[in-house]
Structures are given as C-alpha cells and as structure tokens.
Amino acid sequence: MKKGKLTFDDESCKGCELCVSFCPVEILSLDKDRINSSGYHLITVSDMDKCIACANCAIICPDSVIKVEVLEHE
Amino acid sequence: MIRYERSKGLTDVHTHYCPGCTHGMLHKLVAEVLDELGILGKSIGIASVGCSVFSYDYINTDFQQVPHGRACATATGIKRVLPDRIVFTYQGDGDLASIGIAESIHAANRGENITVIMANNATYGMTGGQMAPTSLIGQKTTTSQEGRNVIQHGNPMRVSEIFAQIEGAAYVERTSMHDIANIRKTKKAIKKAFTYQMENKGFTLIEVISTCPVNWGMKPREALDWSKEHMLPIFPLGVFKDVMKP
Amino acid sequence: MSKVLMKGNEAIVRAAIAAGLDAFFGYPITPQNEIPEYMSKLMKEHGRVFVQAESEVAAINMVYGAAGAGARVMTSSSSVGIALKQEGISYIAGAELPCVIVSVMRAGPGLGGIQPSQGDYFQATRGGGNGDYRVVVLAPETIQETVDLMKQAFDIADTYRNPVMVLADGLIGQMMESVDLDKPVKKRHIEPKTYITTGTDYHEGRNIINSLGLDPVYLEQHNFALERKYKEIIKHEVQYEMINMAHAEYVIVAYGTVSRIVRSAIESLTDMNIHVGLIRPISLWPYPKKAFDLIPKTCKGILVVEMSMGQMLDDVLISNKGRYKVGFYGRAGGMVPAPEEIVEAILHFDEKVVD
C-alpha cells in the first residue's frame, strides 16, 4: 500500500467537500473552525498516516487545492 | 515523488466558479492535456459566453473571448489563417446547442480541424438557471417552472448524436465528470480529441456531462450523483464517431 | 499601368488582394454576389484563405477570429446581411481589432429590393451594434475611387485597430468602368502587431482578445480610451471633395454615385446661370463637418440629395449649425434620381426645405 502526503493551497479552497466525499479512507473533513480570505471553510486531514496517495481528492478538486506526494515505502 | 499537483496549463488565478462546479475539473483536464501533449505554447483557446466566459483567465494559452454561440466560427477564422496552431473552444450547452448550433454544425460540416469542449449541465448557469436545449423533461428551471414538457418545449437535444452524423466530424465522444473513473475517461477523450487535431483528422467534439450545483439547488456531490442518475439515461456515454474506426 | 474595364464587385476583390488581403469570409447576397465568387477563385490562386460562411453572422465572427490572429481580413455583404453583422462589428470595435467590411447597399427596409440605395447611411455611421463605438466609413463614387479606398481601408484599420467600412451601392457593385488597379496609394507605416493570438510560443506573455469588462471602473476607462482613438481618427481621416463653391447660390451635399448624378445637374444649372456647388463627403465617418464652414455667404440654401428618405441629412443639419436653409431631395426603394430631378429640386428649393 502506498502512503501519501497531502499539501493544501488553502487560499484556493472553496470548501465544496468533493474531496471529502471521494476519499476512500475517509480522512478528510470540512473544518468549520478555519476560513480563508474568501470566507470558505478549509479541509483538514484527520490522519495523514492513513493516506494511500490515490489522489482521488486532488483529481476531483475543481480548484487544484491539493498536492499529493507519494512517500517512499519503508 | 509528486503524484498530483496543479497543472502548468492553468494560470494562478483563482476561479470565480461556484464551489464544486465541474468547470473547475474540466479546465484542469484541458490544461493537463495541453501541457502533456506539449502544445500549450501553440494553442489558442476560445472563451464563449456563459459561466466559462472567464476561461481566458484560467487556462494558460492565448485566448479570444467571442460572442455567444459564435465560438466555432471564430475558431474557423483562427485555424484557417494559422493552420499549424491548435485551436479549441470551450462552450456550454446553451452556447453551443442553442444560439450557436448553426456555427457549430457548420464548422463540423466543413471538417474544421478544431477541438470543441462542451460542458453540458442542462441549464443556463450564468444567467441564473434558465431552461437550455439539453434540459431534461420534467426539469424545473427558471423559465420552465413546472418542468420541461414535450408539447411546449420539445425534447432535450442530444448534441453528440447529432454531430456524429456529420462527415466532417472526426471524433465525437460523450463523457461524464461524476466520479474519478469517469473524470479519467474524460481526460482520455480530451487527449484523443487534441491528438486528432494535431494529426489534422478533422473536427473533434467532447461533450462532458457536467453539473450546476447552485442552479440545480444541490450540494456538489449530490449534483454529481444526480447527473449520473438522471442525465446519463438521456445522454448515454460513449464514442459516437471515430474516423479511425468507421 | 494600363486601365481595364471592370465590374465594381470584381475591382473590389482585386483591390483587396493587391492590399495584401489574407482571408475573406463572406456569404452570397445580391448585389454583391460577385465578391465571394471572385474571392473564391482569386484567393485560391494566391494561396490565401477563402471561406463561404454559413451566414453573414458566421462570416463576421470568422473575421473576428482571423483578425485577432493577425491576418488582414475582410467580409462583404449588402444591407440585410450587414444588419446581421452588427453584433460582430461591435465586438470587433470593442476588442480593437482591424478589419474591412464592404457594404454594397440595396433598398430596404427588411428584405426590400436588390436595386441600389443609400438607405444604410445610419446603419454604417451610427452602427447597429451595441455600445459606444465608431466604424470608419468610406464612400466611393467611382470604381477607381473604390479601388483606392479599398487599399486605404486596410491600412486605416491596422493603424487604429478598428473596423473600416467601404460603403458602395448596387450601382458601383454592378457597373463596369475603366480602372487602374495598380494606381499607387500612399502606404502607411503599420506597427507590428503585438496583441495577436498566435500562441504563447510566438510572442511575449499571453495575449487575450476580449471586449468583456464587468468592472465599470475598467470599462469606463476603456470607453474613454476608445473615444481618444476616435478623436485621433476625426483629426486625421476626414476626406471630402468640394467643387464649384465660388459664389455658389446653392450647395448640394451628396455622396457615392449620387454625387455623379449631381455633377450632371450642376452642369445643367450652370448653363442656366445658376451657380451650384457640391460638397461630396468621402469619409462619412468621420464626417467632414468643417467643409460646411467653407460655404460662401452667397449660399441661399443647402440641398441634400440621397437615395434614401434622408439619413445623411441629419449630419448636414448638425454641420450646418443653423446657418443656411437645408432642403432634401431623395429617392427610395431602388429608384435612382435623374439629373433633371435634381435641377428641378434646386429650381423649387423652397418646396424642399426641411429646416
């Protein structure tokens, strides 16, 4: 199983939650405690260790918010 | 190793599109394809009239913004004088199939070597959700409050099927954006269309089933699911014309 | 070089090609059908672009695309078809693109008739497209002048990045006259086109041809900039001719083929010892308003003669500034006035006064 690392360009995010709904390991959620300068809520990762670098989130994201890196296997 | 990052085919400008709008995904796919094929620098895009009017701010090529419906005529003008450049239009269902149907059909009929990306979300999004040529029977819109009905409004128009009849059309495929697998298929279709243009095979059209969460009154994921459940039965996915496979 | 006997529509095509036309997009409509016909043959022979578009609407949008891509481009039509192009012309002006539009006027309104008319003066100079914009309008009276103005038109379009219309009528389109196609026209220096969409590999930065401006602050500034451009055009591009103005008792204002009929009338009037001058605008926009300051005090009245119900009449009333009586004589529906009618109009000028 691959392991991934996600980086978010928060200013581009519109809080649409499509990444949340398409994440197969359900580690993404809308964070109602944070907003960007456009007023949109941002996305948090609950447990990056569970990320499998499938890139579903990045592929579905309309705003290219997420960068997905594959970490070297141990 | 980077698995996915923002494409060089996009500019840095934040889009004005609604949260969860499929235009964002579709722009990415066009941008990625142009970059991967190495043709960003020789491509000229045509921004039509609709929500995507600002595509000239988002996709990293030269652009012409043109009158509503006329994109395929303008594309013809550009391609005829610059035949070695890549010319593409980005149009909605209203722009292409309503006001622009004549220009679009005739560009295909002449076999113009251009690529047309049509986002079909069964509505006039920018102007607030009026009925479009592709709106579904029963679909409530701001100009068909009781739902589209056949007697008054006619049936939704199947654009890909119409264009597939035209000999000058080299590649016509209808795809969807409703899940990851279909987004990947859409990207492949777009890549094929641009490749056919590079090989001077003729007119290429990719009709992409899209959503309009705000005007449909749905959340983004709900809208994607609705498009799968309600639009795909009326607008079946698939390749309708491939000049390489007669 | 030698003169040839040639039909106006054909001369228009050859003049455009001599001026370096890269692409023609047009559609059939009487009385200018020969233009797309000759274009289809000659542009092919010269290895240039010809497309018979599916409509006049499509044609003007092809012009937009090709102009934005840097080509010297032209379309042609008549009255009804020019009406269809108005949206495109407004976009071309708003996006500041160069192009030449030839209009061979026929009678209207609506489908009207195919005989000559000057009923599109308003359409040409006031523009049927939306917004504040101007089209440079040039009106030839002979086929030779048509050829000369066609060649000028492309340079004017490029100099100002604006549409230019050559306004002929069915007489010019259809008649044959001797013409020297090689008569030299003063060339202008045209700046290299840095704004054109040829692909980012081919120029600095990213070029966007656009007339959209949702921010009113920006759009107002854009309109002010267009206005500054139009003021430059007014300063430099007025063209007109005045004949027989010394001690003129009447001044006739006419353009295009009508001015040729007026010249005959003036000869007859001179034989009757009545001195009548002619102001012949060649640029209809910018209109030669200053010519009216040169009307001698001997003038008893200005007679406007048009093949219309009175359209250039408005510009004459404006330019006159209430100084002299203004009368009007017109024919419509495709009827062409005879010199005798104009003589009669002068002899009974007071019956023709409108202001």
Side-chain angles (χ1 to χ4, degrees), chain B residues 8-9 11-13 16 34 38-49 53-87 89 99-110 112 114 126, chain C residues 21-25 27 43 48-75 84-92 94-95 97 99 129-130 195-214:
Chain B
K8 280 199 278 313
T11 66
D12 292 329
V13 179
H16 72 292
L34 294 178
I39 54 177
L40 267 177
K42 49 191 279 211
S43 292
I44 297 138
I46 292 165
S48 58
V49 172
V53 67
F54 291 114
S55 52
Y56 59 75
D57 271 344
Y58 308 141
I59 298 176
N60 203 2
T61 62
D62 277 357
F63 255 90
Q64 293 196 12
Q65 197 293 310
V66 304
H68 197 24
R70 318 296 178 210
C72 288
T74 309
T76 298
I78 301 172
K79 188 79 186 193
R80 290 295 183 122
V81 301
L82 295 174
D84 63 335
R85 308 299 143 89
I86 301 299
V87 178
T89 75
I99 186 169
I101 194 67
E103 285 81 24
S104 308
I105 284 182
H106 279 277
N109 200 55
R110 288 188 300 268
E112 300 293 340
I114 60 176
M126 184 184 75
Chain C
L21 181 70
D22 292 314
F24 174 85
F25 306 101
Y27 189 77
M43 291 297 271
R48 305 187 204 177
V49 173
F50 166 85
V51 179
Q52 178 177 320
E54 58 273 27
S55 71
E56 289 94 340
V57 172
I60 192 68
N61 282 282
M62 292 176 190
V63 164
Y64 182 103
R72 273 216 150 172
V73 58
M74 171 184 152
T75 184
L84 288 176
K85 294 184 191 293
Q86 296 300 315
E87 170 197 62
I89 294 171
S90 172
Y91 270 77
I92 290 170
L97 294 174
C99 73
N130 55 301
Y195 58 88
I196 55 182
T197 56
T198 49
T200 53
D201 281 348
Y202 299 84
H203 55 73
E204 286 289 308
R206 204 162 71 89
N207 285 342
I208 300 172
I209 304 291
N210 188 22
S211 61
L212 179 65
L214 287 181

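First the proteins, then the strands, lettered A, B, ... as listed; each starts at 1.
Judged by the 6.0 Å and 45° rule, B/Arg85 forms a cation-pi pair with C/Tyr202.
Contact count against chain B (heavy-atom pairs under 4.5 Å) is highest for C/Val51 among C/Val73, C/Ile60, C/Val51.
Rounded to the nearest 0.5 Å, atoms CD1 (B/Ile59) and CZ (C/Arg206) are 9.0 Å apart. Between B/His16 atom NE2 and C/Leu214 atom CG the span is 9.0 Å, to the nearest 0.5 Å. The CE atom of C/Met62 sits 9.5 Å away from atom NE2 of B/His106, with the distance rounded to the nearest 0.5 Å. In this structure, OG1 on B/Thr61 lies 11.0 Å from CG on C/Asn207, to the nearest 0.5 angstrom.
Annotation for C/Ala66 and B/Gly77: closest pair CB-O, 3.6 Å, computed over non-hydrogen atoms. Looking at every heavy atom in both residues, B/Ile78 comes nearest to C/Gly65 through CG1-O, 3.4 Å. Smallest separation of non-hydrogen atoms from C/Thr198 and B/Asp62: N-OD2, 3.1 Å.
Considering only residues two or more places apart in sequence or on other chains, B/Ile105 meets the side-chain contact (heavy atoms from CB on, under 4.5 Å) condition with B/Ile101, B/Ile162, B/Phe163, B/Ile166.
In this structure, chain B has heavy atoms under 4.5 Å from both the backbone and the side chain of C/Tyr64. In this structure, chain C has a heavy atom under 4.5 Å from the backbone of B/Leu40, while its side chain stays farther away. When heavy atoms are compared at a cutoff of 4.5 Å, C/Phe50 approaches chain B solely by way of its backbone atoms N, CA, C and O. Neither the backbone nor the side chain of B/Asn109 has a heavy atom closer than 4.5 Å to any heavy atom of chain C. Heavy atoms closer than 4.5 Å to chain C are found in the side chain of B/Val53, but not in its backbone. Only the side chain of C/Ala71 comes within contact range of chain B, with heavy atoms under 4.5 Å apart.
More than 12 heavy atoms of other residues, nucleotides or ligands shown are found within 6.0 angstrom of CG on C/Asp201.
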**Asked** Can you list the steps and then say if C/Ile209 with B/Gln65 is a side-chain contact (heavy atoms from CB on, under 4.5 Å)?
**Response** CA-CA 6 Å; C/Ile209 304 291; B/Gln65 197 293 310; over 6 Å; no
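Under the 4.5 Å side-chain criterion, counting only non-hydrogen atoms from C-beta, C/Asn210 is not in contact with B/Phe63.
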Per-pair distances, 0.1 Å, donor-acceptor, side chain in residues 67-74 of chain B, under 3.5 Å, sequence neighbours excluded:
residue	atom	partner	partner atom	Å
B/His68	ND1	B/Val49	O	3.4
B/His68	ND1	B/Asp95	OD2	2.9
B/Arg70	NE	C/Glu87	OE1	3.2
B/Arg70	NH1	B/Glu103	OE1	3.2
B/Arg70	NH1	B/Glu103	OE2	3.3
B/Thr74	OG1	B/Arg70	O	3.3
B/Thr74	OG1	C/Asn61	O	3.4

